[in-house]
Amino acid sequence: MNSNVRKITDGAMMCAIVGLLLVADRWLGGLFSGSFLFAFPLPMVFYSVKYGMKDSWMVLTAMSLLGFIISGPTMLFYVASESLLGLIYGSGVHNHKPTERLVLSAMLIGILVNLLSTVVFAAFFGYNLTEDIEFMQNTINNVASQSGVAFPDTLMNANTMKTMLVVGAILTGVLEGYVTHVLSRLMMKRLRLHVEPIKSLAYYFPPKWTGYLGFAGLMAYEYAMMRPFDNPVVQNACVGLGMLGVFYLVMFGALFVMLIFRRGGRRSSLLMTLLIFLLILSAALMMAIAGFLYITTDLHSRLLGGNSHAEKNV
């Protein structure tokens, strides 16, 4: 088949898949746009992996217009932004970019999309931040009354709740970008497309200064919760950045537990996942401290049997 005809055929097929997702989304009451938004980048990933960025812009435009025609301006934004994520990720694979850079770009786009839809254009996308904050406050009050645990007033503050919503949108974007990465790799392997080899999580090691930065965020969060600042901007900044710092340290704390688990000769992924999940729920501060020690000391190289990877990234 002529290469240009093949491009047009594949592009039409990808647009048809997006159209099918949009129709299904309307039938299911917004299920895909609400919970399975990470499915929308996949058609664009497939096309841009095969043909690169230059030949993919027209298909992205067609998909975006399809979203507007079938579902209106809201889905125009979602389809366009998610397809852009797929285009950048797929064209990066096409150009043999490092996997770490692709995952990071997917996460950054996911964060931007979630912040724009949840915070900046909240009313346009049907979000009411005031109602969301009231719902969170009522939920926490109900949990407190049933468990007999008293939550600090700083946690119940409307500004703190708003900061938590922003942080939640950021973390959702990170998760969305990572899920898109995992699903894209699975799809490309199934379709026998070229996939760059991926490095094990055990060999990801950040610079030491990020550990100290995350710990500073943890301290700022604890201080802001115990002794709130009079300035709401400073208070919100400490809470927001502190929550991100805690999440960052807990993530590497979970990796630390995983390496210990594997070094002990235990191979049950289910048991390991359950253990990490329970530790995060019951001892998040301990996991954050473990993550801080993992990043800032030589625990990483010791667990890997003296591997020098850690030293190269200091």
Side-chain angles (χ1 to χ4, degrees), residues 7-94 102-132 162 165-166 168-184 187:
K7 289 180 184 178
I8 295 172
T9 303
D10 286 343
M13 188 183 302
M14 296 305 103
C15 289
I17 292 173
V18 170
L20 182 62
L21 290 174
L22 291 169
V23 172
D25 182 65
R26 296 195 64 177
W27 284 349
L28 299 174
L31 178 65
F32 283 98
S33 58
S35 303
F36 298 99
L37 203 60
F38 50 78
F40 282 96
L42 299 181
M44 197 71 244
V45 169
F46 169 81
Y47 192 86
S48 55
V49 166
K50 289 189 69 176
Y51 302 111
M53 181 177 289
K54 183 178 179 181
D55 293 320
S56 300
W57 286 107
M58 189 61 69
V59 177
L60 185 147
T61 303
M63 289 179 178
S64 304
L65 291 175
L66 199 59
F68 178 76
I69 292 170
I70 296 177
S71 300
T74 300
M75 286 307 295
L76 167 64
F77 171 80
Y78 281 131
V79 173
S81 57
E82 295 300 320
S83 297
L84 178 64
L85 191 161
L87 185 150
I88 292 176
Y89 185 93
S91 60
V93 174
H94 179 82
L102 298 178
V103 177
L104 181 60
S105 62
M107 289 180 176
L108 290 176
I109 295 174
I111 291 171
L112 180 61
V113 171
N114 276 275
L115 286 177
L116 288 175
S117 61
T118 306
V119 180
V120 181
F121 304 128
F124 178 77
F125 290 100
Y127 299 116
N128 189 318
L129 294 182
T130 302
E131 291 182 358
D132 290 342
K162 188 177 294 185
L165 284 175
V166 174
I170 293 173
L171 297 182
T172 302
V174 171
L175 179 61
E176 181 183 321
Y178 184 73
V179 170
T180 299
H181 160 68
V182 172
L183 292 179
S184 297
M187 178 190 69

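Every heavy atom of this structure was used, including side-chain atoms; hydrogens, water molecules and symmetry mates were not.
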Note, [X] side chain near [Y] side chain (heavy atom, < 4.5 Å):
X: Lys7; Y: Tyr47; value: yes
X: Val174; Y: Ile111; value: yes
X: His181; Y: Leu102; value: no
X: Leu60; Y: Leu84; value: yes

Using 0.5 Å steps for rounding, measure from the [atom1] atom of [X] to the [atom2] atom of [Y].
X: Leu104; Y: Ile109; atom1: CG; atom2: CD1; value: 10.0 Å
X: Leu22; Y: Tyr78; atom1: CG; atom2: OH; value: 13.0 Å
X: Leu42; Y: Ile17; atom1: CG; atom2: CD1; value: 9.5 Å
X: Met107; Y: Glu176; atom1: CE; atom2: CD; value: 11.0 Å
X: Ser184; Y: Tyr89; atom1: OG; atom2: OH; value: 5.0 Å
X: Leu21; Y: Met75; atom1: CG; atom2: CE; value: 8.5 Å

What are the two closest heavy atoms between [X] and [Y], and how far apart are they?
X: Leu87; Y: Ser56; value: CD1-CB, 3.7 Å
X: Leu115; Y: Ala169; value: CD2-CB, 4.1 Å
X: Leu85; Y: Pro41; value: CD2-CB, 4.3 Å
X: His94; Y: Ser48; value: CB-O, 3.5 Å
X: Thr172; Y: Gly168; value: OG1-O, 2.7 Å
X: Ser81; Y: Val113; value: CB-CG2, 3.4 Å

Under 3.5 Å donor-acceptor, Ser91 side chain and Ile88 backbone: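 Pair found, side chain donor or acceptor close to backbone of Ile88.
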CA sep, side-chain torsions, deciding dist, call: Leu66, Ile70, side chain to side chain contact (heavy atoms under 4.5 Å, CB included): CA-CA 6 Å; Leu66 199 59; Ile70 296 177; 3.9 Å; yes
Test log, rule side chain to side chain contact (heavy atoms under 4.5 Å, CB included), inputs Met14 and Met63: CA-CA 8 Å; Met14 296 305 103; Met63 289 179 178; 3.5 Å; yes
Test salt bridge (charged side-chain N to carboxylate O under 4.0 Å, His left out) applied to Asp10 - qualifying residues, sequence neighbours left out: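 So Asp10 forms a salt bridge (charged side-chain N to carboxylate O under 4.0 Å, His left out) with Arg6, Lys50.
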